[in-house]
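In what follows, a structure is listed as structure tokens, so that the remarks can point back to it.
Start at 1 and go down the list; that is how both ligands and their atoms are numbered.
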Amino acid sequence: MDKFVIHGGKKLEGEVVISGSKNAALALMPATLLASGKYRFENIPDLRDITTMSKLLEMMGVEIEKRSHTMELNTFRVSKLEAPYEQVKKMRASIYVLGPLIARYGYAKVSLPGGCAWGPRPVNLHIEGIQKLGAKIEIDKGYIIAKAKRLKAAKITFDISSVGATGNILMAAVLAKGTTTIENAAIEPEIIALAEFLVRMGARINGIGTTRLEIEGVDALNPSDDVMIPDRIEAGTFLVAAAITGGSITLNGCNPNHLTAIITKLQETGSLVTIGKTWIKIKAHRTIKPVDVTTSVFPGFPTDMQAQWIALMSIAKGSSVITDTIYFDRFKHVPELARLGADIEQDRNTAITKGVKKLIGAKVMSTDLRASASLVLAGLVAEGKTEVLRIYHLDRGYEHIEKKLHSLGANIRRVSGKEY
Ligand code: UD1
């Protein structure tokens with residue numbers, strides 16, 4: 001297990017290229033199960049979650065070749081219609097194979113994901129949606145077993161807006177008989193990317209980008225190629241890295257339209273942010289004004305940026321209130337940030353952060369992907385040496401984060417070793 005050793009206090013300066021979206025790739029890769037043939041994806045990020053999804057698809061018989069950021073998939077020989085616990089427990093997004101498998105092969109056996117580091121994350125909406133499309137579902141020894149001859153269209157209304165359930169039901173409905181409607185569909189950019197990819201494969205989907213999707217099922221789809229959209233959470237994390245260190249950086253290869261809520265909040269802290277079509281420039285202000293944040297579904301402030309925002313607010317000039325309405329228990333970073341001197345009081349799903357003059361380096365422990373990112377951000381500004389342990393969480397979702405931060409002037413290095 002590797003760790004990061006960071007000597008804080010360097011202002012980030014320069015330019016950085018944003019990688020392809022992890023969550024878009026994790027949705028599009030299983031979508032290839034919907035039609036036999038060859039696919040070519042560009043701008044695939046080099047991440048552990050992508051390797052996990054590749055392994056899962058390979059276990060099913062998909063042939064995958066990855067060279068740099070290009071991935072070629074061949075789905076001619078899919079034979080095993082199963083996602084075992086060993087893979088699903090590593091990554092919840094494995095549940096994305098459920099929709100395509102049941103739609104195309106009439107059978108799927110997918111492990112229930114179980115809990116996660118930040119509390120319960122149920123998949124009831126996925127299961128209920130697939131059932132509504134006519135599949136028989138049995139839960140047996142921790143597995144969802146779905147069977148159907150051909151799925152039939154249904155009217156599906158989600159009580160909660162869910163990225164994963166929208167993606168899964170969308171992938172199932174494209175091959176169902178008749179016209180399915182999904183109300184309260186997620187409109188996150190990754191879902192739009194998935195829907196547009198499915199349309200390129202021959203699916204008939206109306207209402208893309210709205211909360212009401214209308215899907216007219218077709219008999220068969222064809223393989224297609226795609227280029228992954230930029231990762232908006234990686235971009236947001238780098239913007240906060242600049243703000244927290246008092247730096248000035250330019251992000252290239254990003255989509256500012258996906259980052260409006262984050263940019264607006266950063267401007268409220270005093271940072272100067274300018275945008276182009278595919279770039280964002282940020283120049284931090286000397287002092288950080290406290291800014292409250294409540295996470296919500298897109299285009300609101302993403303829950304995947306909540307931990308990084310708390311890190312930023314921990315050195316703001318005053319108090320701020322950060323509430324997570326998507327995941328109530330997603331605050332594992334709070335006690336770790338406190339080890340660096342942050343003054344944060346957590347009350348259920350709200351963190352009241354009183355900005356301190358400075359953070360002081362210490363050893364801290366990664367618990368999940370975004371919590372780890374917040375610890376790295378705090379380490380960049382903390383006085384002295386911070387060691388972030390168990391950074392395999394970061395490798396799941398940030399492509400070469402230490403190299404990118406280093407290229408911007410941060411004093412950060414990866415140290416390999418067993419005991420971290
Ligand atoms: C996706 C993202 C994750 C992000 C989250 C919210 C991927 C691979 N992951 O996760 O990074 O933090 O969106 O933007 O894209 N819910 C239920 N029942 C369900 C499904 C969800 O109650 O069957 C609830 C969840 O507990 C949560 C809310 O719905 O409170 C939203 O979760 P959801 O959008 O489904 O998150 P994921 O798709 O798992």
Below 3.5 Å, N or O to N or O, backbone or side chain included: is there any such pair between [X] and ligand 1?
X      : value
Ala165 : no
Arg92  : no
Asp304 : yes
Lys22  : no
Ile326 : yes
Ile160 : no
Ala93  : no
Glu188 : no
Asn23  : yes

[atom1]-[atom2] distance between [X] and [Y], expressed to the nearest 0.5 angstrom:
X      : Y      : atom1 : atom2 : answer
Glu387 : Leu375 : CD    : CG    : 13.0 Å
Met53  : Met91  : CE    : CE    : 4.0 Å
Glu63  : Thr75  : CD    : OG1   : 9.5 Å

NZ/NE/NH1/NH2 to OD/OE distance under 4.0 Å, [X] and [Y]:
X      : Y      : result
Asp226 : Arg200 : yes
Lys136 : Glu138 : no
Arg150 : Asp219 : yes
Asp2   : Arg414 : yes

Can you name the atoms of ligand 1, numbered from 1 with element, that are less than 4.0 Å from a heavy atom of [X]?
X      : value
Ser161 : 31 (C)
His126 : 23 (O)
Arg330 : 12 (O)
Thr303 : 6 (C), 12 (O), 14 (O)
Val123 : 19 (C), 23 (O)
Gly164 : 35 (O), 38 (O)

Salt bridge (Lys or Arg N to Asp or Glu O under 4.0 Å), that's the test. Do Arg232 and Asp304 meet it? Break it down for me.
CA-CA 10 Å; Arg232 63 195 168 103; Asp304 284 350; over 6 Å; no
How about Glu188 and Thr166: do any of their side-chain heavy atoms sit closer than 4.5 Å?
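The answer is no; the side chains never approach within 4.5 Å.
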Non-hydrogen side-chain atoms of Leu28 and Leu194 separated by less than 4.5 Å
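They are in contact (side-chain heavy atoms under 4.5 Å apart), so the answer is yes.
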Any heavy atom of [X] sitting closer than 4.0 Å to ligand 1?
X      : answer
Arg121 : yes
Ala27  : no
Pro122 : yes

Do the ring planes of Trp309 and Phe301 sit parallel (below 30°), tilted (30 to 60°) or perpendicular (above 60°)?
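Rings of Trp309 and Phe301: perpendicular, as their planes differ by over 60°.
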